[in-house]
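Remarks on the structure that follows.
Letters A, B, ... mirror the listed sequences (proteins, then strands); counts begin at 1. This is a predicted model, so every value here is computed, not measured.
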2 protein chains.
Amino acid sequence: MESQDLKKAGLKVTLPRMKILELLESSEDRHLSAEAIYRQLLEGGEEIGLATVYRVLTQFEAAGLVNRHHFEGNQAVFELERGRHHDHIVCLSCGRVDEFTDNVIEERQKAIAERLGYTIKDHALILYGECNRDDCPGRQKA
Amino acid sequence: MESQDLKKAGLKVTLPRMKILELLESSEDRHLSAEAIYRQLLEGGEEIGLATVYRVLTQFEAAGLVNRHHFEGNQAVFELERGRHHDHIVCLSCGRVDEFTDNVIEERQKAIAERLGYTIKDHALILYGECNRDDCPGRQKA
DNA sequence: GATACCGGTGAGATTCTTTCTCATATACGA
DNA sequence: TCGTATATGAGAAAGAATCTCACCGGTATC
């Protein structure tokens, strides 16, 4: 029930917000750019402006409903916050994104920040590589 | 002798390239945006266009002379490659950047990539926080 | 039930960073 | 020194994200 999420976040339940939230929840690809969301909404017959998509996503981010990532490339991507922190590994050839967590790394990060005199607020750990999927264009046919 | 570096990188020794390289080597702040470099060149009386700064930095990056980072904020920053890989911790209040390395993290990253079926090409690990310097605007006077 | 209010929206303009275009200037081997 | 390929500078252009502002739709008020 997405409308609950919106109300909980202190946001009015409006059609664009609902549609965007639905799309984020149902999309196979968990990491979507604002443009991609906009396009899919148009294809779905919705009359939602790009400005609204950006606005809503920014509100969602502020409300903690989504996370914004800046992977390689120009546009930011958004993913639904699902309560489990994770980092990302991105295929440079096909754009595929996998998620992972590593407690050892998390602990080391905290220790490093403390040692250097920082109060850590956030972190970005992104690995870039080539994946081994058959349909990845970067893959040499074996 | 910067001109050696340029020749080694297969780049013609031109005035803009020399000046930009010198600036990167002598700057107190190791992480400079293209704009910042451009401004400092102008202040130094050089007649170098912004387009040239971007072009040269991109060439330097391709030649492995500099690294490009996308920290929080809109502009990329560039730093001279000094042969020692390191990650970054950035103060969200004052923009200060510190560098660190952690072999444990590096090893874990490799293991994770392998486990997920990726050949790792690069990685970005950036910690964001508040530093404890006296002159940091984010600091509460103690 | 009519009306005033207020946040939300869409379209386009705007900003900002970065890249591109192209005429001119420069480096460097012959 | 000359010739040619390459580099440069200025401005135009592209691309992402934000801002402006008139309009629209609920909601509250009477």
Taking the side chain as everything from C-beta on, heavy atoms only, tell me whether B:Leu41 gets closer than 4.5 Å to B:Ile20. yes
Residue closer to the 5' end of DNA chain C, B:Ser33 versus B:Lys7 (nearest nucleotide): B:Ser33
Any A:Val77 side-chain heavy atom under 4.5 Å of A:Leu32 side chain: no
Partners of B:Asp98 by side chain to side chain donor-acceptor pair (under 3.5 Å), sequence neighbours excluded? A:Tyr118, B:Arg96
Could you encode protein contacts along nucleotides 3-13 of chain D as a string, one character per nucleotide from 5' to 3', using B for base contact, S for sugar-phosphate-only contact and - for no contact, with a heavy-atom cut-off of under 4.0 Å? ---SSBBBB--
Nucleic acid contacts - residues 63-71 of chain A versus DNA chain C, non-hydrogen atoms under 4.0 Å: none
Heavy-atom contact window of chain B on DNA chain C, given 5' to 3' at under 4.0 Å: C:dT17 to C:dC28
Does any non-hydrogen side-chain atom of A:Thr52 lie less than 4.5 Å from one of A:Tyr38? no
Residue pair B:Arg115 / B:Ile112, side-chain heavy-atom distance below 4.5 Å: yes
Is it true that, when you exclude A:Glu46 itself, more than 12 heavy atoms of the residues, nucleotides or ligands shown sit nearer than 6.0 Å to its CD? yes
Under a 4.5 Å cut-off applied to non-hydrogen side-chain atoms, are A:Ile126 and A:Asp87 in contact? no
Among residues at least two apart in sequence or on other chains, which ones pass side-chain contact (heavy atoms from CB on, under 4.5 Å) with B:Glu99? B:Arg30, B:His31, B:Glu79, B:Arg82, B:His86, B:His88
Whole-Å distance separating the OH atom of A:Tyr54 from the P atom of D:dA16: 7 Å
Polar contact flag, side-chain donor to acceptor under 3.5 angstrom, A:His85-A:Glu106: yes
Please enumerate all residues that pass salt bridge (Lys or Arg N to Asp or Glu O under 4.0 Å) together with A:Glu72, with sequence neighbours excluded. none
Students often get this wrong, so: under 4.0 angstrom with heavy atoms, is A:Ala34 touching a base, only sugar-phosphate, or nothing? nothing
What is the separation between atom CG on A:Leu57 and atom C1' on D:dA17, rounded to the nearest whole Å? 11 Å
